[in-house]
2 protein chains.
Amino acid sequence: MALRHAILSALSRGIPKNGYELNAIFNDHDERAWNASPSQVYSELTKMQKLGLIEVSERTERRATNYVLTDDGRAELERWLTQDEPDHTIRDDVVMRLLSMWILDETTARHLIEAEITFQRRRERALRNKLDTSAQLAEDARVWRNRRAVHVLWLAQTATMISWLEGLITILDDPDAPVDDTLAALLSSEPVSSPRA
Amino acid sequence: MALRHAILSALSRGIPKNGYELNAIFNDHDERAWNASPSQVYSELTKMQKLGLIEVSERTERRATNYVLTDDGRAELERWLTQDEPDHTIRDDVVMRLLSMWILDETTARHLIEAEITFQRRRERALRNKLDTSAQLAEDARVWRNRRAVHVLWLAQTATMISWLEGLITILDDPDAPVDDTLAALLSSEPVSSPRA
DNA sequence: CTTGTCATGTAAAAGGTTACATGATTAG
DNA sequence: CTAATCATGTAACCTTTTACATGACAAG
């Protein structure tokens with residue numbers, strides 16, 4: 001029941017949302033706490049409505065069905081946060097690939113790492129842009145600060161990944177390069193610059 | 001077919017493994033590229049054997065069935081690495097919780113963040129320990145270096161997370177603290193110390 | 001008047017978890 | 001001889017993806 005809590009979380013900000021808007025959130029690669037396919041979102045919304053966690057707030061002319069949280073929905077969100085243990089399970093396709101990469105020849109391996117660097121750089125730009133442009137709108141100050149903090153985390157993680165991937169190319173090229181020093185040095189030497197800098 | 005490639009990757013190191021050993025890998029919280037439940041691993045192994053991706057190398061007295069890669073298995077691993085696009089999909093329960101946390105009162109929120117810091121510190125210790133103790137055994141040098149590099153990445157990511165969580169407590173306590181500066185400063189000021197230091 | 005975006009679904013299949021069941025071997 | 005660990009599975013259920021289908025509205 002994980003998407004359920006992601007939807008509750010998205011609706012908890014008070015702004016009514018329809019399935020299409022929620023899908024936009026769950027498919028934005030740079031707003032990446034959770035993702036889901038459209039069909040899953042629509043069927044989950046129907047289930048949640050039947051359970052009384054959300055209710056229809058408005059039907060726009062364009063046949064969009066907007067939902068808001070009910071009191072039960074808000075209670076469930078709180079229960080989840082305070083009662084359920086966080087799930088630290090990880091399924092990281094990218095790292096799995098990097099772990100398997102030694103079976104390839106060096107040229108191919110380097111190409112793959114470079115492709116990943118390109119991807120991460122794109123993400124870095126997108127996040128930096130988001131931080132630079134996002135102004136505090138009608139939202140609650142706490143909501144806004146919280147979301148902004150998460151974006152800073154993602155930016156830092158992306159920067160770490162890029163430095164590390166660059167180090168990986170170095171140790172791939174040079175079989176004598178010390179793994180720990182090469183990577184640890186890179187990770188600490190390149191500070192995360194302030195998003196506005 | 002994601003677990004399939006995780007298993008191919010685990011067997012690609014040449015050492016025959018049985019279902020139980022693979023399960024140990026996929027359930028070790030600190031060896032965390034992928035995880036899976038025992039029943040899933042056993043049924044996937046059966047399927048893979050039928051498809052000819054792996055074959056039984058030995059049955060030990062203790063009724064354990066050891067598997068090794070076939071040529072087809074190795075080819076499939078290579079095809080996956082070079083032909084399939086990396087899956088950058090993310091489902092991060094922890095970040096989703098942190099994004100929703102503003103609905104709680106400050107005391108409860110701080111407790112949750114502190115619990116997460118405790119968890120991350122435990123992981124940091126485990127990873128540091130792994131890096132300190134793991135010696136290069138019979139394994140190929142490239143395999144060993146690759147795995148070690150990934151451990152360094154995980155250690156760096158954990159360290160980033162801890163610093164960030166500490167910063168999050170600061171901005172939670174002080175509604176006037178600037179989000180960007182508070183977090184960005186923390187992220188760049190605390191370098192990842194060398195694992196042997 | 002046609003293409004793109006908005007908007008919502010259904011059905012089938014694949015991927016993954018949980019609960020349960022079983023039994024051998026080893027360490028204390 | 002008893003508990004822990006090793007070792008493998010089945011069945012039911014839940015979660016997620018993929019492919020398909022539909023149609024309104026807006027912009028060019």
Side-chain angles (χ1 to χ4, degrees), chain A residues 1-8 10 16-29 32-51 53-54 56-67 80 84-93 96, chain B residues 1-10 16-29 32-51 53-54 56-67 76 80 84-93 96:
Chain A
M1 302 276 154
L3 173 61
R4 176 160 306 177
H5 297 115
I7 292 176
L8 289 174
K17 287 196 185 336
N18 58 46
Y20 189 84
E21 289 167 327
L22 288 169
N23 270 306
I25 295 173
F26 296 131
N27 286 294
D28 180 349
H29 256 311
R32 32 181 226 118
W34 204 260
N35 75 349
S37 60
S39 55
Q40 200 195 353
V41 170
Y42 285 115
S43 75
E44 187 63 34
L45 283 172
T46 310
K47 281 185 220 157
M48 289 170 75
Q49 196 194 354
K50 275 180 192 152
L51 290 169
L53 297 171
I54 57 175
V56 176
S57 72
E58 183 200 8
R59 270 179 229 274
T60 65
E61 308 98 58
R62 220 178 155 140
R63 161 189 85 96
T65 311
N66 281 324
Y67 295 95
W80 168 67
D84 288 3
E85 281 298 306
D87 179 4
H88 287 95
T89 296
I90 283 176
R91 291 210 172 83
D92 191 331
D93 191 73
M96 238 179 61
Chain B
M1 301 280 155
L3 174 60
R4 177 160 304 176
H5 297 116
I7 292 175
L8 289 175
S9 171
K17 288 195 185 338
N18 58 46
Y20 188 82
E21 288 167 328
L22 288 168
N23 270 305
I25 294 171
F26 296 130
N27 286 294
D28 181 346
H29 255 310
R32 35 186 221 116
W34 204 261
N35 77 348
S37 58
S39 54
Q40 199 195 354
V41 171
Y42 286 115
S43 75
E44 186 63 35
L45 282 172
T46 309
K47 279 184 224 160
M48 289 169 75
Q49 195 194 353
K50 274 178 194 155
L51 291 170
L53 298 171
I54 55 175
V56 176
S57 71
E58 181 201 10
R59 271 179 228 274
T60 65
E61 307 99 56
R62 217 174 157 146
R63 149 194 93 95
T65 311
N66 282 325
Y67 295 95
E76 166 57 20
W80 169 66
D84 289 1
E85 279 300 303
D87 179 4
H88 288 97
T89 295
I90 283 177
R91 292 210 171 83
D92 192 330
D93 190 74
M96 238 179 59

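The sequence lines fix the lettering, A, B, ..., with proteins before strands; numbering per chain opens at 1. Every value quoted in this text rests on a predicted model; they were computed, and no experiment measured them.
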S.K.: Quick check on DNA chain D: between B:Asn23 and B:Thr89, whose nearest nucleotide comes earlier from the 5' end?
M.R.: B:Asn23

S.K.: Tell me the interatomic distance from B:Met48, atom CE, to C:dG15, atom P, rounded to whole angstroms.
M.R.: 12 Å

S.K.: Mind calculating the distance between NE2 (A:His5) and P (D:dT15) to the nearest angstrom?
M.R.: 10 Å

S.K.: In this structure, how many angstroms lie between the C1' atom of D:dT15 and the CD1 atom of A:Ile7, rounded?
M.R.: 13 Å

S.K.: Output the rounded distance in Å from CG (B:Asp84) to P (D:dT17).
M.R.: 16 Å

S.K.: Nearest whole angstrom, please: distance from the C1' of C:dA24 to the CG of B:Asn18.
M.R.: 14 Å

S.K.: Can you tell me which nucleotide in D:dA7, C:dC6, D:dT18 comes closest to the side chain of A:Arg63?
M.R.: C:dC6

S.K.: Under 4.0 angstrom, heavy atoms only, what part of the nucleic acid is A:Arg59 near: base, sugar-phosphate, or nothing?
M.R.: nothing

S.K.: Could you tell me if the side chain of B:Trp80 sits less than 4.5 Å from the side chain of A:Met96, heavy atoms only?
M.R.: yes

S.K.: Work out which heavy atom in B:Phe26 is nearest to a heavy atom in B:Asn35; give both atom names and the distance.
M.R.: O-CB, 2.8 Å

S.K.: With a 4.0 Å limit, can you tell me whether A:Thr65 has a side-chain N or O closer than that to the phosphate oxygens OP1/OP2 of C:dA7?
M.R.: no

S.K.: Considering only C:dT17, D:dA7, C:dG9, which nucleotide approaches the side chain of A:Tyr42 most closely?
M.R.: C:dG9

S.K.: Mind checking whether A:His88 and B:His29 have parallel, tilted or perpendicular rings, split at 30° and 60°?
M.R.: perpendicular

S.K.: Can you tell me how far apart CD1 (B:Ile7) and CG (B:Leu45) are? Round to the nearest 0.5 Å.
M.R.: 4.5 Å

S.K.: Looking at A:Ser39 and D:dT18, is any side-chain donor or acceptor paired with a base atom of the opposite kind under 3.5 Å?
M.R.: yes

S.K.: Hey, does A:Arg4 reach any base, or is it just sugar-phosphate, or nothing, if we go heavy atoms under 4.0 Å?
M.R.: nothing

S.K.: Take atom CG of A:Asn27 and atom C1' of C:dA7, then tell me their distance rounded to the nearest Å.
M.R.: 14 Å

S.K.: Would you call B:Leu8 and B:Met48 a side-chain contact if the rule is heavy atoms closer than 4.5 Å?
M.R.: yes

S.K.: Expressed in angstrom and rounded to an integer, what is the separation of B:Glu44 atom CD from C:dA14 atom C1'?
M.R.: 11 Å

S.K.: Should B:Gln40 be listed as having a side-chain N or O under 4.0 Å from OP1 or OP2 of C:dG15?
M.R.: no

S.K.: Rounded to the nearest Å, what distance is computed from the CG atom of residue B:Leu45 to the P atom of nucleotide C:dG16?
M.R.: 14 Å

S.K.: Considering heavy-atom distances to DNA chain C, does A:Asn66 or B:Trp34 have its closest nucleotide positioned more toward the 5' end?
M.R.: A:Asn66

S.K.: Report the nucleotide, chosen from D:dT8, C:dT5, D:dT17, that has the shortest atom-to-atom distance to any side-chain atom of A:Tyr20.
M.R.: C:dT5

